[in-house]
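All chains are named by letter (A, B, ...) in the order of the sequence lines, taking the proteins before the strands, and each is independently numbered beginning at 1. Predicted model only: the values in this text are computed from it and were never measured.
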Amino acid sequence: MLLNQFLILSAVLFAIGVYGVLARRNGVLVLMSIELILNAVNINLVAFGSYVSSVSGEVFALFVITVAAAEVGVGLAILLLLYRNRRSVDLSEADLMKG
Amino acid sequence: MSVLGALVAQNVAFGVIAAIMVFAAIRLVTTRNVVHAALFLVVTLGGVAALFLLMGAEFVGITQILVYIGAVVVLFLFGIMLTRTRIGDEEGTDHAHRLPAVLAAALVATVTIYAVVAGFGDAELPADTRTTTAEVADSIFSTYIVPFEAVSVLLLAALIGAIAVARRD
Amino acid sequence: MVKLPSIGVLAAEGTAEIVQVGGWFLSNVWIIPAIPAASFFAILFFGKRMPRGGSELGIAAVAASLVLALCTVGQWISTVNGAHGAAVEPVVNRWTWWVAGGVDFQLGTLVDGLAVALLFVVTAVSLLVHVYSTDYVAGDVRYTHFFAFLSLFTASMLFFVLAENTIQMIVGWELVGVCSFVLIGHWWEEKPNSDAALKAFLTNRVGDVGLLVGVSVLFFAAGGTFSILEINTKALGGEIGHTLLLVSALCLLAAVISKSGQFFLHTWLPDAMAGPTPVSALIHAATMVVAGVYLVARLYGVFFEGMVIAGSSINALALIGGLTTLVGASLAFVQNDIKRVLAYSTISQLGYMVMALGVGAWTAAVFHLFTHAFFKACLFLGSGSVSHAVHSFDMKADMGGLRRHMPHTYRTFLIASLALAGLPPLAGFWSKDEILAGTGGWGVFGGTGGNGAYTAMLVMGMVTAALTAAYMTRCVYLTFFGRYRGHGHPHESGRRITVPLWILAVFAVGAGWTNLPKGFQIVPKSWTEQFGHFVEPAAAEGFYFPKIAHATPSWTLAIVSILVVLAGGGLAFGYYALVDRRAKAGGPATELADGPTSRWAPARLGHTLLAQKYYLDHLYTGIVAKGTAGPVARGAYWFNQHGIDEVVNQAGRKAVAAGHVVYDRIDQKVIDGVVNTAGAASHGAGEELRRMQTGKVQQYAGVMFVASVVLAAALILVL
């Protein structure tokens, strides 16, 4: 297998995730797109780890999975609070920081 | 099966998985049904797990299935329920003007793909990339013991933080 | 620390790498912190069910530690005597704790004169505080909890003192910080107390960053070792570059500044007086706050080389210390709360110690640490005894004339005050005088030697000596003399309070005689410099301790410093004698109605400046922390109360209001035809920039993605 086939797939998934983060208005969907981005990174980590025959890539992927789980937990808690206060998770309405 | 045969099988498997993943990912970011999006997320994450197994990273693959599909997606479904997003098709899941997002994503894809193609050309993965769970464990509990502890504290902090943020009183 | 016993078992099985075998007590010194650590858990789990709420466990544990510490002291003294002046290797015992990434993390004990001296101070003061507390916090809702944390604190401090490597020091350092946090907030139901605890904790975090960075820098600079002895040896042997040493010394100095309440991060210490008084005595006077001083003394090789202490006349350490003595002593004047006077006095005395370390007077610093622990603990416990009687800490409103009601407290407090002021033959005089001589700044009058000519530090020390005498006179007068201004009938405290007071008073008198100056003609030669002899490591080639030059004690300097103290104390005494006379004639009892602050504007200005603590708190909370620390401190409670939309709305409203103000003013100006080109230009730019701040998080994300990709593309194309 080529290293690049994994890397390119990862790049495509990353770009799709970026699109999702930018184009979605629903906060839950944005969080899902962020998961997509993190997974793309994980593919890269494991692929590079295999490439240099080191287990480090996998260990880092595990760390990323852990951090991602924590991020989803906190992210959904924030969305919940947002929903409770504004009855909506539409991110385009949450613009009180507007200058 | 010969070595060549195995290689062909691997590449075919990769092609199938990659196609499914890209399709699911695109649907994930375009569907108007939030629950469908979560299900497409399952497909994509499962594809990632399959890729891990293909690369011989068995422990990460299994963890991916357990943590992501087992826990994270369930968490998302709870999030969908608790924020009472309508089940079924819905207006207003996306912004009206999506062109900037498409352009940004295209830019990201172009630059990264150019970079990896220019950087790694046709570098081959080693023929046998399997790593055992024991090796991963050895590495985590010796070389990476400090990051491991740090991550455990991070999880605790996230746990407390999530409770503190979402608590109703 | 809790793991120590099991590791001891490992050692017995033969995996231990014993570097050097000393006496039994010296090599098994890990038992001393292990006992109070065990008692912490015992009190936590079983304390509530015990007849005296667990206090008996704590007292027994600390008493056992004290006995062991005394045995260790004895064995160390005989070891040093047996060496006949040769350099004594510290007794090091260590075991591998864990191995990660090829680095050996070890756990061990390091015993030398410095550690031994601290062992004695910590266990002795802690035992007296334990006994005192059985009366002082009797009947408290969290009585058991209090004793559990006193035990944990004692254990942590002992662990810190015996640390063999810098990692252990960090662990001990953080543990004492946590104990301090818990004990300051002991009565957390009242908002100011929990605020004070948070303030102490957060202020210490600032310095902890420095500690982490400093230790990391030292680890790599010393070629991958955490061992204190190795780091010191390498620093002194010139194996570590000067820049690296300077950087790590400055980072560690940040930690010292926060932990030991040095000027400009000292503001947490007076607030920490919100904790129960025994805690103030133990933690914020005698032991924890000297952790910073101990850190410098421990890693003295790093500081000595990094700060170029020898042959210089100023360095960061000495300057910070000198400023702190002045700031602390001047602020002690305007406090009405007796504990706050003592808190600022502690800051000032800690400044003395840091200054002494900065000028190279290592032994003097450690000696001052030693004597100060006793008389300051005595003062704090005395103030607790007073407040126990009058149910207040306010000297002006609720005290006065207590010497007739509380004879024991009065006498011990007076002795300790004199010791603090530095009158011979009490303890404070000897250590303070040694520091003053150690500055080497007395050069004009014949020279006292030392490591350099730190004349500025000598002047600061002298001024502080006068100030100290004056504010202690004020404190003693307001508390014990004049007319009683409080309510009810104060009465002397019980035995469990007065006995510890008297023991500490005895130390406040006698502790200084352990290190009489060299060449002190009145006593036999063998009596002089005993403390230094046993505590200061004898210099040797390739050793972990720098060769420091010792100052020669000077009669003229001693006499001048006594005169300065007398002058300071006398002035205050005269002032209050006048107050006393006027008070009898019907004037106010605590100050002159027509004193300098009411007649002379500069004096009034100075008083306001002091009363506002040099506006440092305003600077930190009002300006620096308003946007960050304030919400953090109040966040948890506030968050629950109002939820996030309130935060967002408030922020939004304020931003809009601010925007309106700017807009209206600029607009008005334009309409009025006052065409200000610069104003208009900046207005335009602001409007343009404002458009970017849409408040839409995804636009920010988009900008971020595109910008980072463009930067990445630039990197790829260039490389």
Turns out that what part of A:S56 lies under 4.5 Å from chain B's heavy atoms comes down to both
Do the ring planes of B:F120 and A:F48 sit parallel (below 30°), tilted (30 to 60°) or perpendicular (above 60°)? tilted
Quick one: of A:V12, A:V52, A:L7, who has the most non-hydrogen atom pairs under 4.5 Å with chain B? A:L7
Chain A contact via B:I163 - which portion, at a heavy-atom distance below 4.5 Å: neither
Heavy-atom cut-off 4.5 Å, strictly under: side chain, backbone, both or neither for A:S50 against chain B? both
Toward chain A, the part of B:A37 with a non-hydrogen atom under 4.5 Å: both
Name the option with the most non-hydrogen atom pairs under 4.5 Å to chain A; the candidates are B:S152, B:A104, B:A123. B:A123
Where on B:Y68 is there a heavy atom nearer than 4.5 Å to chain A: the side chain, the backbone, both, or neither? side chain
Could you look at B:F14 and say if it's the side chain, the backbone, both or neither that has a heavy atom under 4.5 Å from chain A? side chain
Side chain from CB out, backbone as N, CA, C, O: work out which of these in A:L29 comes under 4.5 Å of a heavy atom of chain B, or both, or neither. side chain
I need the residue from B:V108, B:I140, B:V116 with the largest number of non-hydrogen atom pairs under 4.5 Å to chain A. B:V116
Side-chain (B:T31) to main-chain (B:R27) donor-acceptor, under 3.5 angstrom: no
Under 4.5 Å from a heavy atom of chain A, the part of B:V117 involved: both
If you tally heavy-atom pairs under 4.5 Å against chain A, which of B:G119, B:G121, B:A150 wins? B:G121
Does A:E71 reach the side chain of A:L38, with side-chain heavy atoms less than 4.5 Å apart? yes
Determine yes or no for a side-chain-to-main-chain donor-acceptor pair under 3.5 angstrom, with B:E149 supplying the side chain and B:V146 the backbone. no
So, does B:T112 use its side chain to make a donor-acceptor pair with the main chain of B:A109 at under 3.5 Å? yes
In sequence, state the C-alpha distance, the side-chain angles, and the governing distance for B:N11 and A:Q5, and then conclude on side-chain contact (heavy atoms from CB on, under 4.5 Å). CA-CA 9 Å; B:N11 278 326; A:Q5 62 195 55; 3.4 Å; yes
Closest-packed option against chain B by number of heavy-atom pairs under 4.5 Å, given A:V55, A:N42, A:V72, A:N39: A:N39
If you count heavy-atom pairs within less than 4.5 Å of chain B, which of A:N4, A:L9, A:T66 leads? A:N4
At a heavy-atom distance under 4.5 Å, which candidate from A:A47, A:G27, A:A23, A:A61 has the highest pair count against chain B? A:A23
Within a strict 4.5 Å, meaning less than it, do heavy atoms of the A:L62 and B:F59 side chains meet? yes
For the pair B:S139 (side chain) and B:E135 (backbone), establish whether a donor and an acceptor sit closer than 3.5 Å, ignoring hydrogens and angles. no
Atom pair CZ/CD1 of A:F14 and A:I43 - distance to nearest 0.5 Å: 12.0 Å
Is A:A40 in contact with chain B via its backbone, its side chain, both, or neither, using a 4.5 Å heavy-atom distance? neither
Min side-chain heavy-atom separation B:V16-B:I20 under 4.5 Å: yes
Chain A heavy atoms under 4.5 Å from B:V67: which part of the residue, side chain, backbone, both or neither? side chain
Measure the shortest side-chain to side-chain distance between B:Y144 and A:F63 over non-hydrogen atoms and say whether it is less than 4.5 angstrom. yes
Applying side-chain contact (heavy atoms from CB on, under 4.5 Å), run through A:F6 and A:N44 and close with a yes or a no. CA-CA 7 Å; A:F6 291 98; A:N44 259 10; over 6 Å; no
What are the two closest non-hydrogen atoms of B:G47 and B:M21, and how far apart are they? C-SD, 3.4 Å
Mind ranking A:V74, A:V18, A:V59 by heavy-atom pairs under 4.5 Å with chain B and telling me who comes out on top? A:V59
Residue part contacting chain B, namely of A:L76, when any heavy atom lies under 4.5 Å: side chain
Determine the option with the most heavy-atom pairs under 4.5 angstrom with chain A, choosing from B:L103, B:V73, B:I26, B:T110. B:I26
Distance (rounded to the nearest 0.5 Å) between A:E58 CD and B:T63 OG1: 9.5 Å
Give, as side chain, backbone, both or neither, the part of A:L3 having an atom under 4.5 angstrom from any heavy atom of chain B. both
Under 4.5 Å to a heavy atom of chain A? For B:A157 that would be neither
Most contact-rich option vs chain B, by heavy-atom pairs under 4.5 angstrom, among A:I65, A:V21, A:V67, is A:I65
If I measure from the heavy atoms of chain A, does B:L125 come under 4.5 Å with its side chain, its backbone, both, or neither? both
Going by heavy atoms in the side chains, are A:M32 and A:L36 under 4.5 Å from each other? no
Using non-hydrogen atoms and a 4.5 Å limit, figure out which bit of A:F60 sits close to chain B: side chain, backbone, both or neither. side chain
Under a 4.5 Å heavy-atom cut-off, does chain B meet the side chain of A:I16, its backbone, both or neither? both
Minimal non-hydrogen separation, B:A24 against B:V43, with atom names: CB-CG1, 3.6 Å
Can you tell which of B:V29, B:V151, B:L107 has the highest number of heavy-atom pairs within less than 4.5 Å of chain A? B:V29
Which one, B:Q10, B:E124, B:R130, leads in non-hydrogen pairs under 4.5 Å with chain A? B:E124
